[in-house]
Each structure stands twice: as structure tokens, then as C-alpha cells.
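A quick write-up on the structure given underneath.
Just so it is clear, the structure is predicted and the values come from calculations on it, not from any experiment.
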Amino acid sequence: MSRNDRMIEVLRRKIPTFACEPGCHDCCGPVTASSEEMARLPIRTDAEHAAALAAWSCPHLGPEGCRVYAERPLICRLFGTTPSLPCPRGKRPEAMIDTRTEQAIHRYLEQTRQVLV
């Protein structure tokens, strides 16, 4: 496991979780992720990526929601856990993310090559 893979695992464990509203995908859209995060996701065709981008969506979003929820990128996990990325429907964890953890995630995102999901 690479250093970045270990960092992803550490950061994932520190992000609080909460239950999204079933069927909601209001915060799903084009996002960027590191190469390590992309390697964990199923490969989508160029056509799937283009169609998702045209719909201002994510190529991993299905009729029932996120098809890669367990492996979703860090940025997706942040939605609803921090005041800077609130859930459009008001959902949130019992306790919001620790400021230091959020800063560590943003540093990781800044230090790694990001690609469009």
C-alpha cells in the first residue's frame, strides 16, 4: 500500500458519517479525485464521462444513488460534514468534521494530482 493510499484510509476514518436522504444525489456532480482514489473506482468509458459531464453529474451515479459509495472520493465524503460543503437537504452527522481533519484533507487534495471523476 502506497503512502497516499494509507493517507486516504486514515482520512476516511476521521470523516464523520451520516445517512443521506434515500434517493438524493443533490451533491453528486463532477468532482476531482486523486489518482489513488480513481484507481479504486470502476473504469468508465469516455462516453460515460462525457454524458455525465453534460448532465452535470457523476459517471458513478446510478438510479438508486452512488454506485461506488464505499469507495467514493474524499471530496464526496466531505459533503454534509462541514459548513463549507453543506448538504442541500440539511442532513449532517451528529458532530461535524474536526477542523484539523478537514484541513488535512484539503492539504492532501492540494498535494496530489487531481483528475475529473
Side-chain angles (χ1 to χ4, degrees):
M1 185 179 280
S2 76
R3 178 180 173 275
N4 279 341
D5 283 323
R6 285 191 301 276
M7 177 63 73
I8 290 168
E9 289 306 317
V10 167
L11 293 172
R12 281 180 171 187
R13 284 192 297 271
K14 292 182 178 184
I15 299 172
T17 61
F18 66 99
C20 293
E21 191 171 303
C24 176
H25 54 82
D26 289 349
C27 61
C28 300
V31 296
T32 58
S34 69
S35 298
E36 288 82 6
E37 291 176 291
M38 289 298 290
R40 297 167 178 238
L41 302 176
I43 295 171
R44 297 288 180 234
T45 66
D46 289 342
E48 289 172 310
H49 280 279
L53 189 55
W56 203 246
S57 187
C58 173
H60 299 286
L61 183 61
E64 302 298 318
C66 182
R67 294 181 291 196
V68 295
Y69 194 80
E71 291 299 331
R72 70 197 186 282
L74 289 168
I75 193 67
C76 299
R77 293 165 188 267
L78 279 181
F79 280 101
T81 68
T82 173
S84 63
L85 292 170
C87 168
R89 301 205 182 187
K91 299 289 186 176
R92 57 174 283 179
E94 211 171 281
M96 298 296 261
I97 193 169
D98 175 83
T99 304
R100 289 173 295 188
T101 300
E102 183 178 4
Q103 291 169 347
I105 292 169
H106 287 293
R107 276 193 306 277
Y108 170 80
L109 296 175
E110 291 167 3
Q111 294 170 359
T112 56
R113 180 175 179 270
Q114 299 291 300
V115 295
L116 188 61
V117 171

For C66 and L61 the tightest heavy-atom approach is N-CD1, 3.8 Å
Quick one, I15 with I105, criterion side-chain contact (heavy atoms from CB on, under 4.5 Å). Give me CA distance, side-chain angles, the key distance, then yes/no.
CA-CA 10 Å; I15 299 172; I105 292 169; 3.6 Å; yes
When rounded to the nearest 0.5 Å, the distance separating CZ of R44 from NE2 of H60 is 5.5 Å
Of all heavy-atom pairs linking I97 and T101, the shortest is CD1-CG2, 3.8 Å
Ignoring hydrogens and geometry beyond distance, is a side-chain donor-acceptor pair present between Q114 and S35 at under 3.5 Å? no
Closest heavy-atom pair, P30 versus L116, reported as atoms and distance to 0.1 Å, is CB-CD1, 4.0 Å
field: Ion pair R89/D26, N-O distance below 4.0 Å
entry: yes
When rounded to the nearest 0.5 Å, the distance separating CG of D98 from CD of Q103 is 8.5 Å
In terms of heavy-atom contacts, F18 and Y69 come closest through O-OH, 4.2 Å
inquiry  = Could you check whether atom CD of E9 has more than 12 heavy atoms from other residues, nucleotides or ligands sitting under 6.0 Å from it?
reply    = yes
The reported gap from CZ in R40 to CZ in R72 (rounded to nearest 0.5 angstrom) is 12.5 Å
query = Are any side-chain N or O atoms of R12 and backbone N or O atoms of E71, one a donor and one an acceptor, separated by less than 3.5 Å?
reply = yes
S84 and E102 have their tightest heavy-atom pair at OG-OE2, 3.0 Å
* Any R6 side-chain heavy atom under 4.5 Å of E36 side chain -> no
hydrophobic_cluster_shared for L85 and M96, side chain cutoff 4.5 Å: no
Between the OH atom in Y108 and the CG atom in L74, the distance rounded to the nearest 0.5 Å is 6.5 Å
Q) Where do T32 and I75 land on the side-chain contact (heavy atoms from CB on, under 4.5 Å) test, with the steps shown first? A) CA-CA 8 Å; T32 58; I75 193 67; 5.7 Å; no
Exercise for the section: Begin from the C-alpha positions of C58 and V117 and carry the test side-chain contact (heavy atoms from CB on, under 4.5 Å) through to its verdict. Expected result: CA-CA 7 Å; C58 173; V117 171; 4.1 Å; yes
Interatomic distance, CD@E48 vs OG1@T45, rounded to 0.5 Å, equals 3.5 Å
- prompt: Would E37 and S34 count as having a side-chain donor-acceptor pair, cut-off 3.5 Å?
  reply: yes
Worksheet item: If Ile, Leu, Val, Met, Phe, Trp and Tyr residues are connected whenever their side-chain heavy atoms lie under 4.5 Å apart, and connections chain through other members, are L53 and M38 in the same group?
Response: no
On a heavy-atom basis, the closest approach of G80 and P93 is O-CD, 3.2 Å
**Prompt:** Given the rule in the side-chain contact (heavy atoms from CB on, under 4.5 Å) test, do T112 and R107 qualify, once you have shown the distances and angles that lead to the verdict?
**Reply:** CA-CA 9 Å; T112 56; R107 276 193 306 277; over 6 Å; no
Taken to the nearest 0.5 Å, the spacing of M1 CE from I8 CD1 works out to 9.0 Å
